[in-house]
Amino acid sequence: MPPTGISNRIRQLRYEKGEMTQQQLADAVDATRQTIIAIEAGKYAPSLELAFRIARIFRLGVDDVFDYGE
Amino acid sequence: MSQQERVSWVSLVVNVLIGYWYFETVLSLPPGADLFGPRMAGFAIQLVILSIIISVACEIALRMLQKQSGGDDAEGRVDERDRLINLKASRNGHGVLSLAIIIVVSQIAVLEWVRRLGRHRFDPQSMLDVLVTGPLAPMHIVQLLLLALTLGAITVYASRIFYYRRGY
């Protein structure tokens, strides 16, 4: 379980979306690459707004990208 | 390492070095030294000029690094995580500063109270003794407040680095 308690599939989704880079995703959601790295590693729980923006890039719901483990 | 983290490292190192140099010099003065004299004023001016030169040189070096690395760094972008880290670090710095000021104010009050009771014979052997046990003149209080401000600033930069390293 990551430190934030929230796991995600961003790395896998980036790969499926034509091997999108972390920098490309960061630019698309108006965040920094460092933040994308931290989210992927489960070291940072994004705000609801950023989570929605990330999910929208992959045309998925927030629930499909992020998972809050009980 | 992000640009924000690099800036924090540089600021931390500059603050620690300049702070150490300043307080090491002040504490090594004899107990009766004139902290408002021309020698101390010259030293303080020298210190301020040097810190400006170091800060400008570091800023130029960081900008050059920034342009080389490209991406977010080239734009100097700041996002929600940076803002959150800044907020938490400032909160920690504010906490340390408040605590230090409370200690200084309590120290002034207690020393004055003891002096009025006539139970304290002030016989300081060094500047450190003066700053801890009195008698405190306004310039001594200025030194203590400067120390509080320095500790607050160091806490802000150290906290930022901690949150960036640990992940937040």
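Every chain is numbered from 1 and lettered A, B, ... according to where its sequence line falls, protein lines coming before strand lines. Atom set for the values below is all heavy atoms of this structure, side chains included, hydrogens, waters and symmetry mates excluded.
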Can you hop from V142(B) to V130(B) via hydrophobic side chains spaced under 4.5 Å? yes
Are L128(B) and L144(B) connected into the same hydrophobic cluster when the rule is that any two of I, L, V, M, F, W, Y join if their side-chain heavy atoms are below 4.5 Å apart? yes
Verify same cluster id: V78(B), V29(A) (apolar side-chain graph, 4.5 Å): no
Quick check: is L99(B) connected to V156(B) through a chain of hydrophobic side chains (ILVMFWY, heavy atoms under 4.5 Å apart)? no
With rounding to the nearest 0.5 angstrom, report the CD to CD distance, Q4(B) to Q34(A). 10.0 Å
Check residues 105-115 of chain B and write down every donor-acceptor pair under 3.5 Å in which the side-chain atom is one partner and the other belongs to a residue at least two apart or another chain.
residue: S106(B); atom: OG; partner: I102(B); partner atom: O; Å: 2.6
residue: Q107(B); atom: NE2; partner: L131(B); partner atom: O; Å: 2.5
residue: Q107(B); atom: NE2; partner: V132(B); partner atom: O; Å: 2.8
residue: E112(B); atom: OE1; partner: R115(B); partner atom: NE; Å: 3.3
residue: E112(B); atom: OE2; partner: R115(B); partner atom: NH2; Å: 2.8
residue: E112(B); atom: OE2; partner: R116(B); partner atom: NE; Å: 2.9
residue: E112(B); atom: OE2; partner: R116(B); partner atom: NH2; Å: 3.4

Closest contact, heavy atoms only, D79(B) versus D30(A): CB-O, 4.3 Å
Which members of residues 47-62 of chain A, sorted by number, sit under 4.5 angstrom from chain B on a heavy-atom basis? S47(A), L50(A)
Residues K43(A) and R165(B): closest non-hydrogen pair is NZ-O, 4.4 Å
Single-linkage hydrophobic cluster, 4.5 Å side-chain cutoff, I52(B) and Y20(B) together: no
